[in-house]
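Have a look at the structure below before the remarks.
Here, residue 1 is the first one in the sequence, and each next residue gets the next number.
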Amino acid sequence: QVHLVESGGGLVQPGGSLRLSCAASGSILSINVMGWHRQAPGKQRELVAIIISDGRTNYLDSVKGRFTISRDNAKNTMYLQMNSLKPEDTAAYYCNVRLGSKWSDHWGQGTQVTVSS
């Protein structure tokens with residue numbers, strides 16, 4: 001179990017940017033896979049991006065080229081830089097760690113991202 005706290009969400013106009021942060025309660029050096037998920041009202045939670053400890057990243061097709069996931073092990077923090085935001089990016093965003101083949105069931109508070117004029 002790891003305690004994660006998301007922050008950085010807010011209201012932004014289309015085309016704007018936000019940087020989300022995910023602060024872990026302890027060292028993330030031993031965590032192989034971390035990721036950002038999002039959930040919009042009436043929809044299932046979906047995986048947005050993952051980052052592996054070796055630096056590899058993967059993104060949902062709809063966010064490729066716009067979002068960048070990163071991690072700072074020294075700060076025990078993961079980030080999601082979101083640029084060129086679209087209304088369809090509106091959702092609650094959550095970070096999580098992958099334990100074996102599954103994501104941890106200990107979800108954080110999430111941070112709301114609303115893209116609207």
Side-chain angles (χ1 to χ4, degrees):
Q1 180 178 345
V2 61
H3 182 61
L4 304 171
V5 178
E6 302 94 339
S7 63
L11 174 64
V12 64
Q13 294 185 344
S17 298
L18 285 173
R19 188 194 192 203
L20 307 184
S21 296
C22 172
S25 59
S27 175
I28 61 172
L29 282 172
S30 63
I31 301 175
N32 189 39
V33 181
M34 301 183 69
W36 285 95
H37 300 72
R38 68 186 181 187
Q39 186 170 28
K43 296 184 178 180
Q44 295 273 60
R45 199 194 320 265
E46 65 180 349
L47 181 62
V48 176
I50 63 169
I51 183 165
I52 317 301
S53 59
D54 63 7
R56 288 178 293 160
T57 58
N58 282 308
Y59 298 89
L60 185 68
D61 283 345
S62 62
V63 309
K64 286 182 178 178
R66 301 188 297 117
F67 290 11
T68 302
I69 188 172
S70 62
R71 58 191 286 177
D72 187 333
N73 292 335
K75 296 182 178 180
N76 297 321
T77 303
M78 179 176 65
Y79 305 95
L80 184 68
Q81 178 66 46
M82 305 185 295
N83 299 325
S84 302
L85 283 162
K86 303 176 180 179
E88 50 263 46
D89 296 317
T90 296
Y93 283 72
Y94 303 85
C95 59
N96 207 349
V97 299
R98 191 165 180 170
L99 306 176
S101 62
K102 297 182 178 181
W103 294 97
S104 171
D105 59 1
H106 293 91
W107 296 91
Q109 63 184 15
T111 186
Q112 179 67 39
V113 172
T114 302
V115 185
S116 176
S117 297

Could you pull out every donor-acceptor pair under 3.5 Å between side chains of residues 57-65 and any protein atom, sequence neighbours left out?
residue	atom	partner	partner atom	Å
Tyr59	OH	Ile69	N	2.9
Asp61	OD1	Lys64	NZ	3.1

Practice problem: Could you list all the disulfide (SG to SG under 2.5 Å) pairs where at least one residue sits in residues 33-81, not counting sequence neighbours? | Solution: none

Quiz prompt | ILVMFWY clustering at 4.5 Å (side-chain atoms), partners of Ile52 | solution = Val33, Leu47, Ile50, Trp103

Quiz prompt | CE on Met82 to CZ on Arg38, rounded to 0.5 Å | solution = 9.0 Å

Quiz item: Within the distance-only criterion (no hydrogens, no angle test), does the side chain of Glu6 pair as donor or acceptor with the backbone N or O of Leu20 below 3.5 angstrom?
Solution: no

Quiz prompt | Rounded distance (nearest 0.5 Å) linking atom OG of Ser25 with atom CG of Leu4 | solution = 7.0 Å

Quiz item: Got a sec, which pairs hit disulfide (SG to SG under 2.5 Å) with one end in residues 22-117, sequence neighbours left out?
Solution: Cys22-Cys95

Practice problem: Quick one: pull up CD in Gln112 and CD in Gln39 and give me the separation to the nearest 0.5 Å. | Solution: 10.5 Å

Self-check item: Set of side chain to side chain donor-acceptor pair (under 3.5 Å) partners for Glu88, sequence neighbours left out
Solution: none

Practice problem: Check which hydrophobic residues are tied to Tyr94 through side-chain heavy-atom contacts below 4.5 Å, counting indirect links as well, and list them. | Solution: Trp107

Practice problem: With sequence neighbours left out, write down each residue that passes side chain to side chain donor-acceptor pair (under 3.5 Å) with Ser27, or none if nothing qualifies. | Solution: none

Self-check item: Separation between NE2 of His37 and CG of Asn96, rounded to the nearest 0.5 Å
Solution: 6.0 Å

Quiz item: Which other residues end up in the same hydrophobic cluster as Leu29, if Ile, Leu, Val, Met, Phe, Trp and Tyr are linked when side-chain heavy atoms come under 4.5 Å apart?
Solution: none

Practice problem: If a pair satisfies disulfide (SG to SG under 2.5 Å) and one of its residues is in residues 37-69, list it, with sequence neighbours excluded. | Solution: none

Quiz item: salt bridge (Lys or Arg N to Asp or Glu O under 4.0 Å) with Asp54: which residues, sequence neighbours excluded?
Solution: Arg56

Table please: side-chain donor-acceptor pairs of residues 73-80 below 3.5 Å, with sequence neighbours left out.
residue	atom	partner	partner atom	Å
Asn73	OD1	Arg71	NE	3.2
Asn76	OD1	Ile28	N	3.3
Thr77	OG1	Lys75	O	2.8

Self-check item: Validation row: Ser117, Pro14 side chains within 4.5 angstrom (heavy atoms)
Solution: yes

Quiz item: Donor-acceptor pair, Thr90 side chain versus Thr114 backbone, under 3.5 Å?
Solution: no

Quiz item: What are the two closest heavy atoms between Ser17 and Asn83, and how far apart are they?
Solution: OG-OD1, 2.9 Å

Quiz item: Is it true that Leu99 and Ile51 fall in one hydrophobic cluster, defined by side-chain heavy atoms closer than 4.5 Å?
Solution: yes

Quiz item: In chain order, what residues pass the salt bridge (Lys or Arg N to Asp or Glu O under 4.0 Å) check against Arg98, with sequence neighbours excluded?
Solution: none

Exercise. Please assess Lys86 against Arg66 for the test side chain to side chain contact (heavy atoms under 4.5 Å, CB included), listing each intermediate value before the final yes or no.
Key: CA-CA 10 Å; Lys86 303 176 180 179; Arg66 301 188 297 117; 3.8 Å; yes

